[in-house]
Amino acid sequence: MEFDTITAISTPMGEGAIAIVRLSGSEAISIADQIFRSPGNKNLSSQVSHTIHYGHLIEPESGEVVEEVMLSLMKGPKTFTREDVVEINCHGGIITVNRVLQLVLRHGARLAEPGEFTKRAFLNGRIDLSQAEAVMDLIRAKTDRAMNVALGQMDGKLSRLIASLRQALLETLAQVEVNIDYPEYDDVEEMTLPMIIEKSSWVKQEIEGLLRTSSQGKILREGLSTVIIGRPNVGKSSLLNSLVQENKAIVTDVAGTTRDIIEEYVNVRGVPLKLVDTAGIRETEDIVERIGVERSRQVLKQADLILLVLNHSDELTPEDVRLFEAIEGMDFIVVINKTDLEKKIDSQHVEELAGNRKIVTTSLLQEEGVDQLEEAIASLFFEGSLESGDLTYVSNARHIALLHQAKQTIEDAIDAAHAAVPIDMIQIDVTRTWEILGEITGDTVEESLIDQLFSQFCLGK
Amino acid sequence: MQKFEAGSFDVIVIGAGHAGSEAALAAAGMGAKTLVLTINLDMIAFMPCNPSIGGPAKGIVVREIDALGGAMGKVIDKTHIQMRMLNTGKGPAVRALRAQADKVLYQAEMKRLMEEQENLSIHQAMVEELIIEDNEIKGVITQVGAIYRAKTVIVTTGTFLRGEIIIGDLKYSSGPNNQQPSLKLADNLREIGFDLVRFKTGTPPRVNSKTIDYSKTEIQPGDDVPRAFSYETTEYIMDQMPCWLTYTNERTHQIIDENLHLSPMYSGMIKGTGPRYCPSIEDKVVRFNDKPRHQIFLEPEGRNTREVYVQGLSTSLPEHVQRKLLESIPGLEKAEMMRAGYAIEYDAMVPTQLWPTLETKKIRNLYTAGQINGTSGYEEAAGQGLMAGMNAAARALNKEEIILSRSDAYIGVLIDDLVTKGTNEPYRLLTSRAEYRLLLRHDNADLRLTKIGFDAGLISEERYERFEAKKKLIEEEIVRLRKTIIKPNEETQEIIRSKGGTELKDGIKGQDLLKRPEMTYDDIAKLSPTPLDLTDEMKDQIEIQIKYEGYIEKALQQVEKLKKMEDKKIPDLIDYDAISGIATEAKQKMKEVRPLSIAQASRISGVNPADISILLVYIEQGRIAKISG
């Protein structure tokens with residue numbers, strides 16, 4: 001734990017123009033080399049220390065460009081930690097910086113513990129004695145806080161699912177172990193390769209599902225998928241524009257999107273939003289008419305959040321009511337726009353239709369009410385259960401990184417089983433998966449395998 | 001009683017069971033003037049429980065003992081009635097050898113070895129008191145008042161300390177197999193201030209072979225190929241005796257149910273903690289009552305006796321119930337019980353009171369090894385005995401102490417678990433306790449440990465040279481296979497086809513072809529004959545090292561990290577109370593265990609990574625202070 005390469009986001013979370021992801025350790029430069037491509041295809045390890053390099057971060061497997069960056073290369077010992085340090089300067093904003101962090105984590109770095117850069121600096125003799133006490137206090141304080149936040153944000157459903165995956169792995173392991181330690185014990189089924197493959201594949205699928213759907217993971221990776229709907233001419237495009245203008249768009253024109261649905265990534269008070277813009281549709285067709293169309297339903301179904309825009313200066317129409325019906329049971333916020341015009345809308349009826357959902361009034365034309373809307377979005381996201389502040393995201397990143405690792409190790413196990421590797425080798429990767437999942441839930445009971453062995457099977461002379 | 005001076009020694013070993021005999025032989029072998037004191041000379045290396053040595057993890061311990069220069073492997077190689085390699089269908093890391101022992105011959109052979117060992121004196125006597133001055137051991141006093149002086153003392157009293165045998169409602173003070181128990185020494189250890197716990201173990205009844213109807217059982221023969229534990233064994237016993245398998249049934253379980261109130265396990269008479277991995281038959285029936293039957297192995301206790309050990313029927317039920325149980329089992333209906341099964345309770349040391357050298361923290365130069373440290377099993381005892389013997393001799397002779405790490409040997413795992421985590425039941429080694437079991441294999445025990453044994457003086461010059469030559473040949477052949485290209489000619493394709501593999505498109509390196517699951521070293525050697533003179537053992541080693549290179553490499557990287565943590569030593573004088581940031585529970589645990597390195601500290605349960613971070617910073621602070629001060 002002391003000598004591997006660590007990484008963390010070293011700028012404050014939130015809305016900076018630039019964010020920095022820092023790596024420190026003997027692998028820092030080689031990790032960066034794997035994911036960084038400069039225009040001249042420079043090899044970072046052969047570059048002079050204390051230099052800055054322009055280029056792109058890529059997914060080495062797919063070649064997909066993740067981010068445009070400036071990368072500072074600092075070779076030890078003349079660095080803060082006295083180890084090799086790489087600082088990746090990327091665009092600010094939660095999604096971008098988390099993508100960069102995840103990329104680095106997937107290529108061999110470990111997320112730094114609280115205070116760990118400082119600790120390394122100290123252990124490597126960079127900080128003098130008088131600062132040691134402070135370092136120890138820092139570690140303690142940050143650890144306590146991180147643990148509180150981590151515990152607080154650990155979703156009950158997530159931890160139950162992970163617990164069930166671990167239990168399935170543990171039972172598999174116990175069966176492998178019992179075959180090994182009690183080879184003559186006849187009434188336990190011999191764990192066969194197809195059985196291992198079956199169990200492991202199930203675990204892998206679940207992990208993939210978690211990575212895909214775990215709300216926090218998905219939001220961090222993709223943003224909160226948000227769809228703006230409403231009758232024509234209620235101000236949908238104005239709403240989109242004001243959200244985008246006020247909150248710097250981070251990524252535009254994401255590759256792979258079709259022309260009629262354009263996604264805008266914005267960051268609203270720390271909440272990453274992927275605005276699914278129906279602009280293309282809006283101009284030519286009425287979305288209300290398309291509600292019945294399967295594809296539009298899909299767009300709605302996949303949304304995490306819906307902004308339903310109504311016209312303050314119009315009475316509610318049957319179309320409005322049908323929109324309410326279409327989004328029933330989903331998270332939505334009602335935006336009553338055009339308060340600069342005379343009121344014709346029946347507020348009471350709107351409240352009835354909205355149920356307990358928030359209603360915000362705006363005049364996008366006069367730039368009024370957008371603040372309240374942003375507030376409503378943010379509070380919906382955090383729901384009081386999620387603390388904002390950097391540690392929340394760090395802990396999330398930790399979960400995601402661990403899930404990626406777990407997926408990798410269980411894939412190794414499955415591959416090995418297909419290659420007919422002996423079961424006790426495959427078991428190494430299965431055990432590792434079990435351990436990694438335990439790091440997510442904080443379960444590190446060492447004896448549990450042996451406990452499982454003796455409670456599951458009747459053994460002994 | 002008149003006390004008298006009876007002599008002075010470098011090392012005194014109290015007890016001559018599996019721990020004591022290894023300890024004494026190792027100490028004497030290293031050149032220390034050694035004395036063994038045992039209650040009964042006829043009980044040297046006695047097997048009070050099952051007549052077998054080895055098995056998963058345990059068998060590898062025997063190999064390790066042999067690689068370090070210990071005796072167990074050599075003795076069992078000469079005295080077994082059967083040997084089997086277990087787990088041959090699995091990977092190389094979990095293969096393990098197990099032997100059925102001729103109990104009587106085993107004892108006799110170990111006794112002979114000890115009698116012949118230079119620097120070793122053997123004497124029958126019961127030690128009642130340890131002589132301690134200024135928290136340092138100075139010698140021992142026996143029942144007859146003899147005072148033996150010593151630089152170091154090793155206590156290996158097994159289950160003798162305040163031993164009590166229990167059968168039904170009968171309970172009496174006794175060592176194993178009705179030997180004299182050791183009472184005063186137990187009191188003496190308490191007076192000195194050691195923490196002792198009460199553990200329990202048990203053994204099944206023995207029956208007379210001539211009264212068994214073997215036709216109702218299944219035969220369990222040994223392997224018909226030559227097998228040996230010791231790297232020095234050259235003569236193999238091929239005349240083997242089989243074991244036999246039978247089963248309990250519903251009738252057996254019914255008898256147990258009906259008589260459960262007579263079991264001291266359930267009446268509350270037994271208070272000691274028993275091992276989960278070695279439950280009594282009543283325990284099995286109660287805890288797993290849905291199981292219709294349990295296996296019973298009938299194991300001969302030797303060639304010159306008709307006594308048969310009824311493995312699987314360990315019990316402390318009253319004798320009349322034991323008889324009924326036997327009658328209910330196919331093949332044993334008419335079996336004559338020669339000895340009844342019993343449970344035994346005994347005092348054991350809380351092992352966290354020991355350093356990793358097995359020296360007690362409280363009393364300098366005093367060591368404990370074997371079942372007294374809370375373990376069970378002959379092999380676990382022998383492994384500890386060997387290490388305690390080596391370390392006690394090293395201390396007496398002013399040599400360096402010897403600590404095996406978790407990545408060196410199962411013995412290292414065993415001792416580290418004991419002294420770092422302690423145990424709340426009799427401790428048994430399992431392969432799953434080792435995090436690097438791929439490195440701790442049956443086949444490579446010599447590669448791992450011979451040098452340590454040689455440096456300690458327990459491995460002869462001649463054996464070491466032979467070992468070095470073997471190592472060199474293995475390395476050369478691996479390098480050769482790394483370079484050799486095998487061409488996709490008809491001969492190659494034919495061999496690959498016959499193995500059910502995919503034919504080659506291009507030439508392939510020998511090592512890469514060997515990595516295919518279906519290929520063996522012999523296949524490769526056919527296509528690319530080696531110029532070297534290799535034994536089967538070497539070929540096996542080459543095959544394993546190449547085939548599982550990826551996994552081995554991964555494990556080695558982990559070990560590398562562990563080593564760095566182990567190199568971070570914790571000063572003995574560290575004051576944990578002075579470190580403000582460490583959690584209270586972690587402080588208490590570390591004060592108790594007094595870990596020698598950061599690696600050891602991190603394995604203590606209740607010590608979390610933040611505590612370790614703070615400890616590191618604190619130690620570094622002290623180092624800087626020393627340099628600047």
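Bear in mind the structure is a predicted one, so any value in this text is a computation, not a measurement. Sequence lines set the chain letters: A, B, ... in the order given, protein chains first and strands last, and positions in each chain run from 1.
- Heavy atoms of B:Lys554 lying under 4.5 Å from chain A belong exclusively to its side chain.
- Between A:Arg120 and A:Asp84 no salt bridge is recorded (no basic side-chain N to carboxylate O distance below 4.0 Å).
- Each of A:Val176, A:Asp429, A:Ile423 has some count of heavy-atom pairs under 4.5 Å with chain B, and the biggest count is that of A:Asp429.
- Looking only at atom types and distance, the side chain of A:Gln175 has no donor-acceptor partner in the side chain of A:Glu171 under 3.5 Å away.
- Residues of residues 407-418 of chain A that come closer than 4.5 Å to chain B, counting heavy atoms only, are A:Asp412, A:Ala416, ordered by residue number.
- When the ring pair (Phe, Tyr, Trp, His ring centres under 6.0 Å) test is applied to B:Tyr410, no partner is found at least two apart in sequence or on another chain.
- Contact annotation for B:Tyr247: only side-chain heavy atoms (C-beta onward) come within less than 4.5 Å of a heavy atom of chain A.
- Ion pairing of B:Lys499 with B:Glu518 is absent here, as no side-chain N (NZ or NE/NH1/NH2) approaches a carboxylate O to less than 4.0 Å.
- In summary, the side chains of B:Glu282 and B:Thr315 do present a donor paired with an acceptor at a separation below 3.5 Å, with no hydrogens or angles considered.
- Of the N and O atoms on the side chains of B:Gln295 and B:Gln311, not one donor lies less than 3.5 Å from an acceptor on the other residue.
- In this structure, the portion of A:Ile428 lying under 4.5 Å from any heavy atom of chain B is its side chain and not its backbone.
- Residues B:Arg406 and B:Asp416 are paired through a salt bridge, judged by an N-O separation under 4.0 Å between the basic side chain and the carboxylate.
- Side-chain contact check for A:Thr81 and A:Ser24: at least one donor-acceptor pair (N or O, by modelled atom type) lies under 3.5 Å.
- Between chain A and the residues B:Leu562, B:Val94, B:Thr203, the most heavy-atom pairs under 4.5 angstrom are made by B:Val94.
- Evaluation of the ring pair (Phe, Tyr, Trp, His ring centres under 6.0 Å) rule for B:His253 yields B:His294 as partners, not counting sequence neighbours.
- In this structure, the portions of A:Asn179 lying under 4.5 Å from any heavy atom of chain B include both its backbone and its side chain.
- Within the 4.5 angstrom heavy-atom criterion, only side-chain atoms of B:Arg437, from C-beta onward, approach chain A.
- Using a 4.5 Å cut-off between heavy atoms, B:Glu435 does not touch chain A at all.
- With sequence neighbours excluded, the residues satisfying side chain to side chain donor-acceptor pair (under 3.5 Å) with B:Arg441 are B:Asp443, B:Gln541.
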